[in-house]
Trainee: 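Just dropping this structure here.
Just follow the structure's listing: the first ligand is 1, and inside any ligand the first atom is 1. Please read these numbers as outputs of a predicted model, since none were measured by experiment. All values below come from the heavy atoms of this structure, side chains included, with hydrogens, waters and symmetry mates left out.
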Amino acid sequence: MDSIVVRGNGPLSGQIPIAGAKNAALTLMPATLLSDEPLTLTNAPRLSDIKTMTMLLQSLGAEVQTLQDGRVLALSSHGIDNLKADYDIVRKMRASILVLGPLLARHGQAIVSLPGGCAIGARPVDLHLTALEAMGAELDLRDGYVHAAAPKGLRGGTVNFEFASVGATENALMAATLAKGTTVLNNAAREPEIVDLAQCLRKMGAQIDGEGTSTITIDGVDRLSGATHPIVTDRIELGTYMLAPAICGGEVELLGGKRELLTSFIEKLEESGVSVFDTENGLGVRRGNDGIRATDVTTAPFPGFPTDLQAQMMALLCTAEGTSVLEEKIFENRFMHAPELMRMGARIDVSGGTAKVTGVEQLRGAPVMATDLRASVSLILAGLAAEGETRVARVYHLDRGYEHVVSKLRSVGAHIERVQDA
Ligand code: UD1
């Protein structure tokens with residue numbers, strides 16, 4: 001297994017290119033299942049989660065070709081010969097559930113393993129299932145699998161989401177494109193990745209209105225065609241790298257960055273004393289001379305502060321002047337990075353879904369362990385601000401969501417390297 005070694009850093013300067021969004025790719029790829037014509041996705045990120053989705057689609061009989069060094073994915077689902085998504089692949093990645101809606105819509109049946117470990121526990125898929133039921137799906141949960149059938153095809157229905165779930169909105173949106181009649185998704189998620197999916201589906205011939213708002217209306221069509229679609233910029237990768245100069249000082253340009261992808265996050269960054277400005281090719285970030293001020297953060301569905309940037313923001317606030325209160329409203333138990341940051345000298349008090357972070361003058365390098373994707377990168381950011389060496393173990397989490405993190409950060413002057421554990 002590999003670790004990442006980071007040494008406390010001076011100011012950063014230069015440019016970092018931002019990749020296509022992992023979370024958009026993971027819903028655009030299963031969209032291939034809706035058509036027997038080719039779907040080509042450009043601006044694809046090179047990540048292990050993309051490989052996992054590739055394996056899942058291939059296990060169903062789809063063709064997935066990786067071109068241009070992984071930047072282009074050429075998908076075709078004309079030869080689907082298996083409607084069962086097996087536990088062995090699904091357990092690796094929760095987004096695997098996104099094959100359910102498309103398979104069911106096009107083939108009238110699907111068997112998909114309930115995702116990872118505790119399926120009806122902390123991260124259930126009940127909202128996905130209720131939405132498909134509202135479109136006439138017959139569902140049976142047995143042996144750890146969802147057995148779904150729609151013998152006469154799905155029909156349009158009204159879905160009132162109890163919570164604006166990203167994945168459930170994506171699954172319902174894809175399924176509704178081939179349902180008979182009109183589907184209305186109320187309290188739909190509004191994330192940019194959903195807008196991206198809707199735009200791609202529209203290129204494939206889907207009739208969709210209202211993406212990016214809380215009500216999406218879909219008029220089902222008989223068939224969808226192929227399309228070529230560039231994947232939207234990864235706003236979480238963007239936010240993560242915006243925090244690097246905020247933590248270390250200096251000025252960095254994020255190529256491809258767009259303010260509207262991260263308005264709430266940028267507001268908080270500015271509140272803490274960091275300047276963010278538009279450049280010709282993206283966004284620039286500069287840390288002022290006055291240091292970082294404490295600021296309170298509450299995660300929320302888009303356009304609120306993204307839960308996927310909470311851990312990284314905490315790393316910044318560990319070095320701020322004053323006490324910040326971070327409230328995590330999307331996931332239970334998403335402060336696993338806090339004890340690791342405390343090993344580096346951070347002062348954090350976690351109680352339920354709230355973390356109080358009191359800034360310290362200096363973080364200190366320490367051996368720490370990545371517990372999940374976003375936590376791992378928050379430890380790298382903290383390491384850049386710390387005195388001495390930080391060794392982040394279990395970095396396989398990082399490979400799921402950040403391509404070339406070491407070379408991207410090195411290119412702006414960070415002291416970071418990947419090493420093989422003895
Ligand atoms: C997606 C993102 C993930 C991000 C999250 C929230 C992908 C591949 N992943 O995950 O990076 O952190 O959005 O922005 O796009 N829930 C239910 N029942 C359900 C579905 C969800 O109770 O059927 C709960 C979850 O347990 C969680 C909350 O709703 O507490 C948010 O989940 P959701 O928006 O569905 O996130 P994902 O689509 O899994």
Side-chain angles (χ1 to χ4, degrees), residues 20-31 45 47-50 52-53 56 90 92-101 112 114-134 139 141 146 159-175 185 187-197 214 231-232 234-240 261-262 264-265 298-313 327-337 352-353 372-378 397-398 400-402:
K22 166 180 88 77
N23 287 349
L26 292 178
T27 185
L28 290 163
M29 292 174 75
L47 304 167
S48 64
D49 270 9
I50 301 297
T52 306
M53 183 56 85
L56 174 58
V90 174
K92 293 188 184 150
M93 191 178 67
R94 180 179 158 79
S96 305
I97 191 74
L98 295 173
V99 302
L100 177 60
V112 178
L114 289 162
C118 165
I120 309 289
R123 281 185 88 178
V125 292
D126 53 322
L127 301 171
H128 299 243
L129 303 185
T130 315
L132 295 173
E133 269 177 334
L139 304 176
L141 297 187
V146 184
V159 179
N160 298 310
F161 286 113
E162 242 172 76
F163 175 84
S165 153
V166 174
T169 302
E170 292 165 346
N171 234 334
L173 173 58
M174 288 190 279
L185 307 179
N187 195 24
R190 298 158 60 187
E191 270 65 4
E193 294 74 24
I194 287 169
V195 174
D196 203 36
L197 172 64
S214 315
I231 299 171
V232 67
D234 195 317
R235 64 198 163 97
I236 306 303
E237 191 195 29
L238 170 64
T240 301
L261 293 173
L262 280 177
S264 305
F265 169 78
T298 303
T299 62
F302 190 85
F305 191 101
T307 174
D308 286 351
L309 284 171
Q310 178 259 108
Q312 301 89 313
M313 188 71 181
E327 283 192 77
E328 174 53 59
K329 296 279 195 192
I330 307 294
F331 292 111
E332 292 167 17
N333 195 18
R334 206 179 192 185
F335 286 133
M336 267 124 64
H337 42 285
D372 67 49
L373 168 57
R374 309 303 172 186
S376 53
V377 84
S378 82
H397 291 293
L398 203 67
R400 293 188 46 202
Y402 290 92

Trainee: Can you find an N or O of K22 that's nearer than 3.5 Å to an N or O of ligand 1?
Mentor: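 Min N/O separation from ligand 1 is not below 3.5 Å for K22.
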
Trainee: Consider every N or O of A95 and every N or O of ligand 1, then say whether any pair is closer than 3.5 Å.
Mentor: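 No; the residue has no nitrogen or oxygen that sits under 3.5 Å from a nitrogen or oxygen of the ligand.
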
Trainee: Considering F331, F302, F163, which one's heavy-atom position lies nearest to atom 29 (O) of ligand 1?
Mentor: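 Result: the heavy atom closest to atom 29 (O) of ligand 1 is in F163.
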
Trainee: Is there a polar contact between ligand 1 and E170, counting only N or O atoms under 3.5 Å apart?
Mentor: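 N/O-N/O distance under 3.5 Å: no.
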
Trainee: Among E328, K329, Q310, which residue meets the side-chain hydrogen bond (donor to acceptor under 3.5 Å, both in side chains) test with T299?
Mentor: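 Of the listed options, the one satisfying the test is E328.
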
Trainee: Using a 3.5 Å cut-off on N or O atoms only, is V166 in polar contact with ligand 1?
Mentor: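 Among all N and O atoms of V166, at least one is under 3.5 Å from an N or O of ligand 1.
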
Trainee: Does the N or O separation between I330 and ligand 1 drop below 3.5 Å for any pair?
Mentor: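 Yes, at least one N or O pair falls under 3.5 Å.
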
Trainee: Can you find an N/O atom of T307 closer than 3.5 Å to an N/O atom of ligand 1?
Mentor: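 No; the residue has no nitrogen or oxygen that sits under 3.5 Å from a nitrogen or oxygen of the ligand.
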
Trainee: Below 4.5 Å, heavy atoms only, C-beta onward: do L129 and L141 meet side chain to side chain?
Mentor: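 Contact flag for L129/L141 side chains = yes.
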
Trainee: Where's the contact between L127 and ligand 1, heavy-atom distance under 4.0 Å: side chain, backbone, both or neither?
Mentor: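 Both backbone and side chain of L127 come within 4.0 Å of ligand 1.
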
Trainee: Counting both backbone and side chain atoms, is some N or O of P124 under 3.5 Å from an N or O of ligand 1?
Mentor: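 It does: an N or O of P124 is found under 3.5 Å from an N or O of ligand 1.
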
Trainee: So is there a nitrogen or oxygen of E191 less than 3.5 Å from a nitrogen or oxygen in ligand 1?
Mentor: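 By distance alone, the answer is no.
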
